[in-house]
2 protein chains.
Amino acid sequence: MVWSGNKNTKKIPDIVIEERLPKYLRALTRMQENGGVERVSSEDLGKALNYSAAQIRKDLSYFGRFGKQGQGYDVKKLVQRLREILGLENKQWNMALVGVGGLGRAIVGYGRFAPQGFKIVAAFDHDPAKVGKKVGTLVVKDMKELGDTIKRENIQIGIVAVPASAAQQVIERLEEAGVKAILNYAPITAPRGKAKIQDIDPVLKLQSMTYYLKQDDQIGKK
Amino acid sequence: MVWSGNKNTKKIPDIVIEERLPKYLRALTRMQENGGVERVSSEDLGKALNYSAAQIRKDLSYFGRFGKQGQGYDVKKLVQRLREILGLENKQWNMALVGVGGLGRAIVGYGRFAPQGFKIVAAFDHDPAKVGKKVGTLVVKDMKELGDTIKRENIQIGIVAVPASAAQQVIERLEEAGVKAILNYAPITAPRGKAKIQDIDPVLKLQSMTYYLKQDDQIGKK
DNA sequence: GTATGTGAAAGTGTTCACAGCG
DNA sequence: CGCTGTGAACACTTTCACATAC
(Lines give C-alpha, C1' and ligand atoms only; values in the text may rest on other atoms or scores of the structure.)
Protein backbone atom coordinates (compact mmCIF):
# COMPACT_ATOMS: atom_id res chain seq x y z
CA MET A 1 0.00 0.00 0.00
CA VAL A 2 1.42 3.35 -1.03
CA TRP A 3 0.62 5.77 1.74
CA SER A 4 1.77 3.95 4.83
CA GLY A 5 -1.76 3.47 5.77
CA ASN A 6 -4.11 5.89 7.09
CA LYS A 7 -2.28 6.52 10.29
CA ASN A 8 -5.58 7.61 11.55
CA THR A 9 -6.95 5.17 14.05
CA LYS A 10 -9.22 7.73 15.57
CA LYS A 11 -12.89 6.97 15.63
CA ILE A 12 -14.84 8.46 12.78
CA PRO A 13 -17.96 10.16 14.10
CA ASP A 14 -21.10 8.46 12.87
CA ILE A 15 -22.50 11.64 11.51
CA VAL A 16 -19.62 11.96 9.08
CA ILE A 17 -20.69 8.76 7.35
CA GLU A 18 -24.41 9.09 7.88
CA GLU A 19 -24.78 12.64 6.74
CA ARG A 20 -21.84 14.65 5.62
CA LEU A 21 -19.80 12.51 3.23
CA PRO A 22 -22.84 11.79 1.06
CA LYS A 23 -23.65 15.51 1.04
CA TYR A 24 -20.08 16.39 0.11
CA LEU A 25 -20.33 13.97 -2.77
CA ARG A 26 -23.65 15.37 -3.90
CA ALA A 27 -22.40 18.95 -3.82
CA LEU A 28 -19.12 18.18 -5.56
CA THR A 29 -20.80 16.19 -8.32
CA ARG A 30 -23.12 19.07 -8.90
CA MET A 31 -20.27 21.58 -9.05
CA GLN A 32 -18.55 19.40 -11.61
CA GLU A 33 -21.58 18.91 -13.79
CA ASN A 34 -22.94 22.40 -13.67
CA GLY A 35 -20.08 24.74 -13.12
CA GLY A 36 -17.28 22.60 -14.48
CA VAL A 37 -15.43 23.40 -11.27
CA GLU A 38 -12.09 21.63 -11.01
CA ARG A 39 -10.91 22.79 -7.62
CA VAL A 40 -12.50 23.61 -4.31
CA SER A 41 -11.19 24.87 -1.03
CA SER A 42 -12.69 23.66 2.22
CA GLU A 43 -14.15 27.13 2.51
CA ASP A 44 -15.93 26.92 -0.86
CA LEU A 45 -17.42 23.55 -0.07
CA GLY A 46 -18.39 24.71 3.39
CA LYS A 47 -20.23 27.71 1.99
CA ALA A 48 -22.16 25.50 -0.39
CA LEU A 49 -23.32 23.27 2.44
CA ASN A 50 -23.57 25.52 5.48
CA TYR A 51 -20.67 23.85 7.25
CA SER A 52 -17.47 25.40 8.59
CA ALA A 53 -14.31 25.00 6.58
CA ALA A 54 -12.65 23.37 9.57
CA GLN A 55 -15.36 20.78 9.75
CA ILE A 56 -14.82 19.74 6.19
CA ARG A 57 -11.06 19.51 6.53
CA LYS A 58 -11.39 17.47 9.70
CA ASP A 59 -13.93 15.11 8.17
CA LEU A 60 -11.79 14.45 5.13
CA SER A 61 -8.69 14.00 7.27
CA TYR A 62 -10.17 10.84 8.77
CA PHE A 63 -9.63 9.16 5.43
CA GLY A 64 -6.29 10.51 4.29
CA ARG A 65 -4.78 13.70 2.93
CA PHE A 66 -6.09 14.58 -0.46
CA GLY A 67 -5.79 18.32 -0.50
CA LYS A 68 -2.88 20.47 -1.56
CA GLN A 69 -1.81 23.33 0.63
CA GLY A 70 -2.36 26.61 -1.09
CA GLN A 71 -4.61 25.05 -3.75
CA GLY A 72 -7.46 23.19 -2.13
CA TYR A 73 -8.88 19.91 -3.41
CA ASP A 74 -9.02 18.50 -6.90
CA VAL A 75 -12.74 17.99 -7.39
CA LYS A 76 -12.46 15.00 -9.67
CA LYS A 77 -10.09 13.17 -7.36
CA LEU A 78 -12.11 14.00 -4.30
CA VAL A 79 -15.31 12.76 -5.92
CA GLN A 80 -13.62 9.52 -6.81
CA ARG A 81 -12.16 9.10 -3.34
CA LEU A 82 -15.53 9.76 -1.69
CA ARG A 83 -17.15 7.22 -3.96
CA GLU A 84 -14.58 4.64 -2.93
CA ILE A 85 -15.02 5.42 0.75
CA LEU A 86 -18.78 5.13 0.53
CA GLY A 87 -18.64 1.91 -1.48
CA LEU A 88 -20.03 3.36 -4.69
CA GLU A 89 -17.13 2.76 -7.01
CA ASN A 90 -17.48 0.22 -9.82
CA LYS A 91 -20.58 -1.14 -8.32
CA GLN A 92 -24.22 -1.48 -8.78
CA TRP A 93 -26.26 -2.25 -5.73
CA ASN A 94 -29.32 -4.41 -6.26
CA MET A 95 -32.44 -3.69 -4.26
CA ALA A 96 -35.71 -5.47 -3.52
CA LEU A 97 -38.89 -3.53 -2.94
CA VAL A 98 -41.50 -4.92 -0.58
CA GLY A 99 -44.97 -3.40 -0.81
CA VAL A 100 -46.45 -2.34 -4.11
CA GLY A 101 -49.14 0.10 -3.04
CA GLY A 102 -49.15 3.76 -4.01
CA LEU A 103 -45.91 4.46 -2.19
CA GLY A 104 -44.16 1.40 -3.58
CA ARG A 105 -45.12 2.31 -7.12
CA ALA A 106 -43.79 5.84 -6.62
CA ILE A 107 -40.50 4.39 -5.39
CA VAL A 108 -40.17 2.23 -8.49
CA GLY A 109 -40.79 5.32 -10.58
CA TYR A 110 -38.32 7.50 -8.69
CA GLY A 111 -35.72 8.62 -11.16
CA ARG A 112 -32.68 9.14 -8.99
CA PHE A 113 -31.87 5.61 -7.83
CA ALA A 114 -30.62 4.07 -11.07
CA PRO A 115 -28.26 6.89 -12.13
CA GLN A 116 -26.61 6.62 -8.73
CA GLY A 117 -26.06 2.89 -9.06
CA PHE A 118 -29.04 1.66 -7.08
CA LYS A 119 -31.31 -0.63 -9.04
CA ILE A 120 -34.61 -2.15 -7.98
CA VAL A 121 -34.46 -5.65 -9.43
CA ALA A 122 -37.44 -7.27 -7.72
CA ALA A 123 -40.77 -6.25 -6.19
CA PHE A 124 -42.87 -8.20 -3.70
CA ASP A 125 -46.31 -8.02 -2.19
CA HIS A 126 -48.33 -10.45 -0.18
CA ASP A 127 -51.63 -9.44 -1.75
CA PRO A 128 -52.58 -12.15 -4.31
CA ALA A 129 -54.38 -9.49 -6.34
CA LYS A 130 -51.08 -7.72 -6.96
CA VAL A 131 -48.83 -10.73 -7.48
CA GLY A 132 -48.17 -11.31 -11.17
CA LYS A 133 -49.06 -7.75 -12.16
CA LYS A 134 -46.43 -5.42 -13.48
CA VAL A 135 -44.95 -2.40 -11.75
CA GLY A 136 -42.80 -0.55 -14.20
CA THR A 137 -40.88 -3.31 -15.90
CA LEU A 138 -41.02 -5.66 -12.91
CA VAL A 139 -43.47 -8.46 -12.31
CA VAL A 140 -44.63 -8.44 -8.68
CA LYS A 141 -43.66 -11.61 -6.87
CA ASP A 142 -45.25 -13.32 -3.92
CA MET A 143 -43.56 -12.94 -0.53
CA LYS A 144 -42.89 -16.66 -0.56
CA GLU A 145 -40.24 -16.08 -3.19
CA LEU A 146 -38.41 -13.44 -1.18
CA GLY A 147 -35.58 -15.58 0.17
CA ASP A 148 -34.79 -17.36 -3.07
CA THR A 149 -34.91 -14.24 -5.19
CA ILE A 150 -32.66 -12.29 -2.87
CA LYS A 151 -30.00 -14.95 -3.13
CA ARG A 152 -30.40 -15.57 -6.84
CA GLU A 153 -30.40 -11.91 -7.82
CA ASN A 154 -27.64 -10.96 -5.42
CA ILE A 155 -29.75 -8.38 -3.66
CA GLN A 156 -28.06 -6.49 -0.85
CA ILE A 157 -30.60 -3.79 0.00
CA GLY A 158 -34.29 -3.97 0.90
CA ILE A 159 -36.87 -1.21 0.59
CA VAL A 160 -39.86 -1.43 2.90
CA ALA A 161 -43.03 0.27 1.67
CA VAL A 162 -45.73 -1.64 3.52
CA PRO A 163 -48.19 -0.38 6.16
CA ALA A 164 -46.90 0.01 9.72
CA SER A 165 -48.75 -3.10 10.83
CA ALA A 166 -46.76 -5.33 8.49
CA ALA A 167 -43.41 -3.56 8.57
CA GLN A 168 -41.81 -5.30 11.51
CA GLN A 169 -42.42 -8.70 10.02
CA VAL A 170 -41.19 -7.68 6.59
CA ILE A 171 -37.98 -6.33 8.05
CA GLU A 172 -37.38 -9.60 9.85
CA ARG A 173 -37.93 -11.56 6.68
CA LEU A 174 -35.48 -9.39 4.79
CA GLU A 175 -32.91 -9.86 7.52
CA GLU A 176 -33.41 -13.62 7.51
CA ALA A 177 -32.90 -13.58 3.76
CA GLY A 178 -29.51 -12.01 4.31
CA VAL A 179 -30.18 -8.40 3.38
CA LYS A 180 -27.74 -6.14 5.24
CA ALA A 181 -29.24 -2.72 4.56
CA ILE A 182 -32.84 -1.56 4.61
CA LEU A 183 -34.44 1.67 3.51
CA ASN A 184 -37.59 1.84 5.59
CA TYR A 185 -40.51 4.02 4.49
CA ALA A 186 -42.91 2.53 7.06
CA PRO A 187 -43.64 4.69 10.13
CA ILE A 188 -42.11 2.38 12.70
CA THR A 189 -38.83 1.99 14.52
CA ALA A 190 -37.58 -1.58 14.22
CA PRO A 191 -35.59 -3.23 17.00
CA ARG A 192 -31.92 -3.39 16.22
CA GLY A 193 -31.29 -6.48 14.19
CA LYS A 194 -28.72 -7.74 11.74
CA ALA A 195 -29.30 -5.11 9.11
CA LYS A 196 -28.44 -1.43 9.03
CA ILE A 197 -31.70 0.48 8.73
CA GLN A 198 -32.35 4.00 7.50
CA ASP A 199 -35.79 5.44 8.02
CA ILE A 200 -37.64 7.89 5.84
CA ASP A 201 -40.71 9.51 7.31
CA PRO A 202 -41.67 12.92 5.99
CA VAL A 203 -44.29 13.30 8.71
CA LEU A 204 -41.60 13.27 11.40
CA LYS A 205 -39.78 16.02 9.53
CA LEU A 206 -42.92 18.14 9.36
CA GLN A 207 -43.61 17.56 13.03
CA SER A 208 -40.19 18.84 13.98
CA MET A 209 -40.62 21.98 11.90
CA THR A 210 -43.94 22.88 13.44
CA TYR A 211 -42.18 23.19 16.78
CA TYR A 212 -40.43 26.25 15.41
CA LEU A 213 -43.53 27.55 13.65
CA LYS A 214 -45.95 27.26 16.46
CA GLN A 215 -45.13 30.45 18.28
CA ASP A 216 -45.50 32.92 15.44
CA ASP A 217 -48.34 31.68 13.36
CA GLN A 218 -51.41 29.58 13.55
CA ILE A 219 -54.63 28.87 11.77
CA GLY A 220 -57.10 28.30 14.58
CA LYS A 221 -58.54 31.78 14.31
CA LYS A 222 -59.87 31.20 10.83
CA MET B 1 -39.19 35.64 22.54
CA VAL B 2 -41.29 33.85 25.12
CA TRP B 3 -42.23 30.22 25.27
CA SER B 4 -45.34 29.61 27.21
CA GLY B 5 -45.24 27.15 30.03
CA ASN B 6 -41.61 26.18 29.97
CA LYS B 7 -39.87 26.99 33.18
CA ASN B 8 -36.77 25.18 32.08
CA THR B 9 -34.10 27.56 30.87
CA LYS B 10 -31.53 24.98 29.88
CA LYS B 11 -30.83 24.70 26.22
CA ILE B 12 -32.77 21.93 24.52
CA PRO B 13 -30.52 19.97 22.18
CA ASP B 14 -31.66 20.32 18.58
CA ILE B 15 -31.80 16.61 18.10
CA VAL B 16 -34.49 16.32 20.75
CA ILE B 17 -36.83 18.42 18.63
CA GLU B 18 -35.62 17.32 15.25
CA GLU B 19 -35.67 13.59 15.87
CA ARG B 20 -36.69 12.20 19.16
CA LEU B 21 -39.87 13.97 20.25
CA PRO B 22 -41.59 13.15 16.96
CA LYS B 23 -40.50 9.55 17.32
CA TYR B 24 -41.75 9.40 20.89
CA LEU B 25 -45.08 10.66 19.69
CA ARG B 26 -45.21 8.17 16.85
CA ALA B 27 -44.40 5.24 19.12
CA LEU B 28 -46.81 6.28 21.87
CA THR B 29 -49.67 6.83 19.44
CA ARG B 30 -49.06 3.39 18.04
CA MET B 31 -49.01 1.79 21.51
CA GLN B 32 -52.31 3.47 22.26
CA GLU B 33 -54.00 2.46 19.04
CA ASN B 34 -52.73 -1.05 18.82
CA GLY B 35 -52.06 -2.29 22.29
CA GLY B 36 -54.41 -0.01 24.19
CA VAL B 37 -51.45 0.72 26.45
CA GLU B 38 -52.24 3.31 29.13
CA ARG B 39 -48.91 3.61 30.87
CA VAL B 40 -45.27 3.44 29.90
CA SER B 41 -42.04 3.65 31.79
CA SER B 42 -39.04 5.34 30.28
CA GLU B 43 -37.60 1.87 29.96
CA ASP B 44 -40.56 0.56 27.93
CA LEU B 45 -40.45 3.48 25.56
CA GLY B 46 -36.70 3.21 25.28
CA LYS B 47 -36.92 -0.44 24.34
CA ALA B 48 -39.44 0.34 21.63
CA LEU B 49 -37.16 2.96 20.10
CA ASN B 50 -33.62 1.75 20.80
CA TYR B 51 -32.89 4.58 23.19
CA SER B 52 -31.73 4.41 26.80
CA ALA B 53 -34.29 5.02 29.52
CA ALA B 54 -32.14 7.84 30.85
CA GLN B 55 -32.20 9.57 27.52
CA ILE B 56 -35.94 9.59 27.41
CA ARG B 57 -36.30 10.89 30.94
CA LYS B 58 -33.77 13.63 30.27
CA ASP B 59 -35.45 14.66 27.02
CA LEU B 60 -38.87 14.90 28.61
CA SER B 61 -37.48 16.77 31.60
CA TYR B 62 -36.67 19.73 29.36
CA PHE B 63 -40.38 20.38 29.08
CA GLY B 64 -41.64 19.70 32.57
CA ARG B 65 -42.34 16.77 34.85
CA PHE B 66 -45.11 14.58 33.59
CA GLY B 67 -44.19 11.22 35.02
CA LYS B 68 -45.08 9.71 38.35
CA GLN B 69 -42.40 8.01 40.41
CA GLY B 70 -43.08 4.34 40.71
CA GLN B 71 -45.65 4.38 37.87
CA GLY B 72 -44.14 5.84 34.74
CA TYR B 73 -46.01 8.05 32.30
CA ASP B 74 -49.68 8.23 31.44
CA VAL B 75 -49.66 7.58 27.71
CA LYS B 76 -52.67 9.69 26.87
CA LYS B 77 -51.37 12.71 28.78
CA LEU B 78 -47.90 12.33 27.36
CA VAL B 79 -49.22 12.14 23.81
CA GLN B 80 -51.22 15.29 24.37
CA ARG B 81 -48.29 17.11 25.91
CA LEU B 82 -45.99 16.11 23.06
CA ARG B 83 -48.53 17.32 20.56
CA GLU B 84 -48.68 20.67 22.32
CA ILE B 85 -44.92 20.96 22.44
CA LEU B 86 -44.57 20.17 18.75
CA GLY B 87 -47.36 22.53 17.76
CA LEU B 88 -49.78 19.87 16.58
CA GLU B 89 -52.64 20.45 18.95
CA ASN B 90 -55.94 21.70 17.57
CA LYS B 91 -54.34 22.67 14.38
CA GLN B 92 -54.22 21.96 10.76
CA TRP B 93 -51.18 23.06 8.87
CA ASN B 94 -51.69 24.09 5.26
CA MET B 95 -49.06 23.23 2.69
CA ALA B 96 -48.24 24.24 -0.88
CA LEU B 97 -46.61 21.79 -3.25
CA VAL B 98 -44.28 23.09 -5.93
CA GLY B 99 -43.48 20.71 -8.76
CA VAL B 100 -46.08 18.36 -10.16
CA GLY B 101 -43.95 15.74 -11.87
CA GLY B 102 -43.91 12.09 -10.86
CA LEU B 103 -42.56 12.85 -7.42
CA GLY B 104 -45.00 15.69 -6.81
CA ARG B 105 -47.96 13.55 -7.76
CA ALA B 106 -46.79 10.81 -5.40
CA ILE B 107 -46.59 13.37 -2.61
CA VAL B 108 -50.16 14.49 -3.23
CA GLY B 109 -51.22 10.87 -3.06
CA TYR B 110 -49.29 10.09 0.11
CA GLY B 111 -51.80 8.99 2.69
CA ARG B 112 -50.14 9.97 5.93
CA PHE B 113 -50.10 13.77 5.72
CA ALA B 114 -53.79 14.52 6.13
CA PRO B 115 -54.48 12.23 9.14
CA GLN B 116 -51.60 13.94 10.93
CA GLY B 117 -53.01 17.40 10.30
CA PHE B 118 -50.94 18.36 7.27
CA LYS B 119 -52.99 19.27 4.24
CA ILE B 120 -51.80 20.12 0.76
CA VAL B 121 -54.11 22.92 -0.30
CA ALA B 122 -52.39 24.15 -3.44
CA ALA B 123 -50.07 22.82 -6.14
CA PHE B 124 -47.87 24.81 -8.49
CA ASP B 125 -45.78 24.19 -11.56
CA HIS B 126 -44.15 26.50 -14.03
CA ASP B 127 -44.78 24.21 -16.99
CA PRO B 128 -47.75 25.67 -18.93
CA ALA B 129 -48.67 22.15 -20.05
CA LYS B 130 -49.39 21.22 -16.44
CA VAL B 131 -51.05 24.40 -15.25
CA GLY B 132 -54.83 24.01 -15.17
CA LYS B 133 -54.69 20.22 -15.02
CA LYS B 134 -55.80 18.38 -11.94
CA VAL B 135 -53.62 16.51 -9.47
CA GLY B 136 -55.82 14.62 -7.10
CA THR B 137 -58.51 17.16 -6.27
CA LEU B 138 -56.27 20.16 -6.83
CA VAL B 139 -55.99 22.27 -9.95
CA VAL B 140 -52.35 23.05 -10.71
CA LYS B 141 -51.63 26.77 -10.57
CA ASP B 142 -48.99 28.80 -12.31
CA MET B 143 -45.98 29.92 -10.27
CA LYS B 144 -47.12 33.51 -10.77
CA GLU B 145 -49.92 32.86 -8.33
CA LEU B 146 -47.64 31.53 -5.60
CA GLY B 147 -47.42 34.62 -3.43
CA ASP B 148 -51.11 35.49 -3.53
CA THR B 149 -52.27 31.95 -2.90
CA ILE B 150 -49.95 31.47 0.05
CA LYS B 151 -51.37 34.52 1.73
CA ARG B 152 -54.99 33.87 0.80
CA GLU B 153 -54.97 30.21 1.82
CA ASN B 154 -52.93 30.78 4.96
CA ILE B 155 -50.18 28.40 3.89
CA GLN B 156 -47.34 27.96 6.34
CA ILE B 157 -45.37 25.09 4.80
CA GLY B 158 -43.92 24.56 1.34
CA ILE B 159 -43.02 21.27 -0.30
CA VAL B 160 -40.36 21.38 -3.00
CA ALA B 161 -40.51 18.61 -5.60
CA VAL B 162 -38.78 20.20 -8.57
CA PRO B 163 -35.52 19.22 -10.27
CA ALA B 164 -32.27 20.25 -8.60
CA SER B 165 -31.71 22.96 -11.19
CA ALA B 166 -34.86 24.82 -10.19
CA ALA B 167 -34.91 24.11 -6.47
CA GLN B 168 -32.86 27.01 -5.19
CA GLN B 169 -35.05 29.53 -6.95
CA VAL B 170 -38.26 27.87 -5.80
CA ILE B 171 -37.07 27.91 -2.21
CA GLU B 172 -36.34 31.62 -2.47
CA ARG B 173 -39.78 32.32 -3.87
CA LEU B 174 -41.42 30.38 -1.07
CA GLU B 175 -39.41 32.31 1.48
CA GLU B 176 -40.32 35.62 -0.12
CA ALA B 177 -43.96 34.60 0.02
CA GLY B 178 -43.61 34.21 3.77
CA VAL B 179 -43.43 30.45 4.13
CA LYS B 180 -41.51 29.58 7.29
CA ALA B 181 -40.99 25.85 6.84
CA ILE B 182 -40.01 23.85 3.77
CA LEU B 183 -39.92 20.14 3.14
CA ASN B 184 -37.34 19.80 0.40
CA TYR B 185 -37.29 16.70 -1.81
CA ALA B 186 -34.82 18.20 -4.29
CA PRO B 187 -31.23 16.98 -4.05
CA ILE B 188 -29.65 20.26 -3.05
CA THR B 189 -28.60 22.04 0.10
CA ALA B 190 -30.04 25.53 0.18
CA PRO B 191 -28.19 28.41 1.81
CA ARG B 192 -29.61 29.28 5.18
CA GLY B 193 -32.47 31.66 4.67
CA LYS B 194 -35.57 32.78 6.48
CA ALA B 195 -37.30 29.40 6.49
CA LYS B 196 -36.56 26.23 8.40
CA ILE B 197 -35.77 23.54 5.85
CA GLN B 198 -35.90 19.77 6.20
CA ASP B 199 -34.40 17.70 3.42
CA ILE B 200 -35.51 14.31 2.21
CA ASP B 201 -33.14 12.46 -0.06
CA PRO B 202 -33.32 8.68 -0.08
CA VAL B 203 -30.18 8.46 -2.19
CA LEU B 204 -28.11 10.02 0.61
CA LYS B 205 -29.48 7.41 2.99
CA LEU B 206 -28.53 4.60 0.65
CA GLN B 207 -25.07 6.06 0.17
CA SER B 208 -24.43 6.08 3.88
CA MET B 209 -25.51 2.45 4.24
CA THR B 210 -23.23 1.22 1.48
CA TYR B 211 -20.28 2.40 3.55
CA TYR B 212 -21.09 -0.32 6.05
CA LEU B 213 -21.88 -2.88 3.36
CA LYS B 214 -18.84 -2.43 1.23
CA GLN B 215 -16.42 -4.51 3.25
CA ASP B 216 -18.34 -7.74 3.66
CA ASP B 217 -20.18 -8.16 0.45
CA GLN B 218 -19.80 -7.27 -3.13
CA ILE B 219 -21.21 -8.36 -6.38
CA GLY B 220 -20.44 -11.93 -7.23
CA LYS B 221 -18.44 -12.52 -4.11
CA LYS B 222 -19.46 -13.97 -0.82
C1' DG C 1 -40.60 -1.13 46.25
C1' DT C 2 -40.34 1.23 41.87
C1' DA C 3 -39.53 4.55 38.41
C1' DT C 4 -38.88 9.60 37.83
C1' DG C 5 -35.97 13.84 37.57
C1' DT C 6 -31.46 15.65 37.68
C1' DG C 7 -26.71 17.28 38.94
C1' DA C 8 -22.23 15.53 37.85
C1' DA C 9 -19.18 12.59 35.10
C1' DA C 10 -18.13 10.59 30.88
C1' DG C 11 -18.19 10.57 26.14
C1' DT C 12 -18.61 12.68 21.39
C1' DG C 13 -18.24 16.11 18.12
C1' DT C 14 -16.78 20.87 16.62
C1' DT C 15 -13.95 24.83 16.42
C1' DC C 16 -9.57 27.08 17.11
C1' DA C 17 -5.25 28.32 15.78
C1' DC C 18 -1.10 27.46 13.79
C1' DA C 19 2.79 24.47 11.91
C1' DG C 20 4.01 22.95 7.57
C1' DC C 21 3.74 22.21 2.74
C1' DG C 22 3.02 23.52 -2.11
C1' DC D 1 1.49 33.55 0.64
C1' DG D 2 -2.73 30.47 0.84
C1' DC D 3 -4.87 26.62 2.36
C1' DT D 4 -4.47 22.03 4.29
C1' DG D 5 -4.04 18.89 8.21
C1' DT D 6 -4.23 18.40 13.07
C1' DG D 7 -3.43 18.45 18.19
C1' DA D 8 -5.67 20.89 21.83
C1' DA D 9 -9.43 23.58 23.68
C1' DC D 10 -13.99 23.96 23.78
C1' DA D 11 -18.91 22.84 23.35
C1' DC D 12 -22.42 19.83 23.34
C1' DT D 13 -24.87 15.26 24.40
C1' DT D 14 -25.44 11.07 26.78
C1' DT D 15 -25.02 8.18 30.61
C1' DC D 16 -24.55 7.44 35.48
C1' DA D 17 -26.19 7.10 39.92
C1' DC D 18 -28.96 8.50 43.48
C1' DA D 19 -32.14 11.59 46.09
C1' DT D 20 -36.96 12.12 45.64
C1' DA D 21 -41.74 11.15 45.20
C1' DC D 22 -45.52 8.05 44.78
Side-chain angles (χ1 to χ4, degrees), chain A residues 3-24 28 31 37-79 81-82 85 192 208, chain B residues 5-21 23-24 28 31 37-78 81-82 85 192 208:
Chain A
W3 31 310
S4 62
N6 201 331
K7 40 106 173 258
N8 218 328
T9 333
K10 249 182 254 154
K11 212 214 148 230
I12 300 160
D14 284 349
I15 199 175
V16 174
I17 307 300
E18 309 258 334
E19 294 237 24
R20 293 202 295 264
L21 293 194
K23 282 195 182 175
Y24 295 169
L28 290 165
M31 285 177 185
V37 178
E38 291 177 2
R39 258 191 212 137
V40 266
S41 63
S42 55
E43 200 179 324
D44 295 340
L45 187 53
K47 282 213 173 95
L49 292 169
N50 306 320
Y51 295 130
S52 73
Q55 172 119 82
I56 283 169
R57 292 200 302 276
K58 174 69 87 178
D59 285 357
L60 295 178
S61 79
Y62 290 114
F63 303 95
R65 308 149 68 122
F66 9 93
K68 282 219 198 336
Q69 283 94 331
Q71 335 275 295
Y73 302 86
D74 179 291
V75 175
K76 202 174 146 195
K77 262 195 215 147
L78 187 49
V79 163
R81 197 66 191 87
L82 285 170
I85 292 165
R192 264 196 266 279
S208 75
Chain B
N6 184 359
K7 52 165 163 229
N8 212 321
T9 342
K10 246 182 255 153
K11 211 215 149 230
I12 299 159
D14 284 350
I15 199 175
V16 173
I17 307 300
E18 309 258 333
E19 294 237 25
R20 292 201 297 264
L21 293 194
K23 282 196 181 175
Y24 296 169
L28 290 165
M31 285 177 185
V37 178
E38 290 177 1
R39 256 187 214 142
V40 268
S41 62
S42 55
E43 201 178 324
D44 295 339
L45 187 53
K47 282 212 174 98
L49 292 169
N50 307 320
Y51 295 130
S52 75
Q55 173 122 82
I56 284 169
R57 292 201 300 276
K58 175 70 86 179
D59 285 357
L60 295 178
S61 80
Y62 290 113
F63 303 95
R65 308 148 70 122
F66 11 92
K68 281 219 196 341
Q69 283 94 332
Q71 334 274 299
Y73 303 85
D74 180 290
V75 175
K76 201 174 144 194
K77 261 194 217 149
L78 187 49
R81 196 70 188 82
L82 285 170
I85 292 165
R192 264 197 264 280
S208 75

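Keep in mind that this is a model prediction, so the values were computed, not measured. Just so it is clear: chains get the letters A, B, ... in the order the sequence lines come, proteins before strands, and each one is counted from 1. Any value given below was found using the heavy atoms of this structure, including those in side chains, with hydrogens, waters and symmetry copies removed.
Mapping A:Gln71 and A:Val16 onto DNA chain C via the closest heavy atom, the residue that lands nearer the 5' end is A:Val16. Sequence order on DNA chain C of the closest nucleotides to A:Ile12 and A:Ala54 puts A:Ile12 first from the 5' end.
The side chain of B:Lys68 lies closest to D:dC22 when the candidates are C:dA3, D:dT4, D:dC22. Of the listed nucleotides (C:dC21, D:dT6, C:dT15), C:dT15 has the atom at the smallest distance from the side chain of A:Gln55. Considering only side-chain atoms of A:Lys11, the nucleotide from C:dG20, D:dC22, C:dG13 that sits closest is C:dG13. Taking every side-chain heavy atom of B:Lys58 into account, C:dG7 is the closest of D:dC22, C:dG20, C:dG7.
Contact check, B:Tyr73 against C:dG5: a side-chain N or O comes under 4.0 Å of OP1 or OP2. For D:dT4, one of the phosphate oxygens OP1 or OP2 lies less than 4.0 angstrom from a side-chain nitrogen or oxygen of A:Ser42. Close to C:dG13, at under 4.0 Å from its OP1 or OP2, lies no side-chain N or O of A:Tyr62. For C:dT6, the OP1/OP2 oxygens have a side-chain nitrogen or oxygen of B:Arg65 closer than 4.0 Å. Between B:Ser52 and D:dT15 there is a side-chain N or O to OP1 or OP2 distance below 4.0 Å.
Atom CZ in B:Arg57 sits about 10 Å away from atom C1' in C:dT6, given to the nearest Å. Atom CD1 in B:Ile56 sits about 12 Å away from atom P in C:dG5, given to the nearest Å. Between B:Gln69 atom CD and C:dT4 atom P there is a gap of 8 Å when expressed in whole angstrom units. A straight line from CG of B:Leu21 to P of D:dT13 spans 14 Å, rounded to a whole angstrom.
Within the nucleic acid shown, B:Tyr51 has no heavy atom closer than 4.0 Å to any nucleic acid atom. B:Arg20 comes within 4.0 angstrom of the backbone, heavy atoms only, and of no base.
Within the 4.5 Å cutoff, side-chain heavy atoms of A:Leu45 are placed close to those of A:Met31. Side-chain contact between B:Tyr73 and B:Leu60: present, with at least one pair of heavy atoms (C-beta onward) separated by less than 4.5 Å.
For A:Gln55, the CD atom is densely surrounded, since the number of other residues' heavy atoms within 6.0 Å is greater than 12. Counting non-hydrogen atoms of neighbouring residues, nucleotides and ligands closer than 6.0 angstrom, the CD atom of B:Gln71 exceeds 12 such neighbours. More than 12 heavy atoms of other residues, nucleotides or ligands sit less than 6.0 Å from atom CD of A:Glu18.
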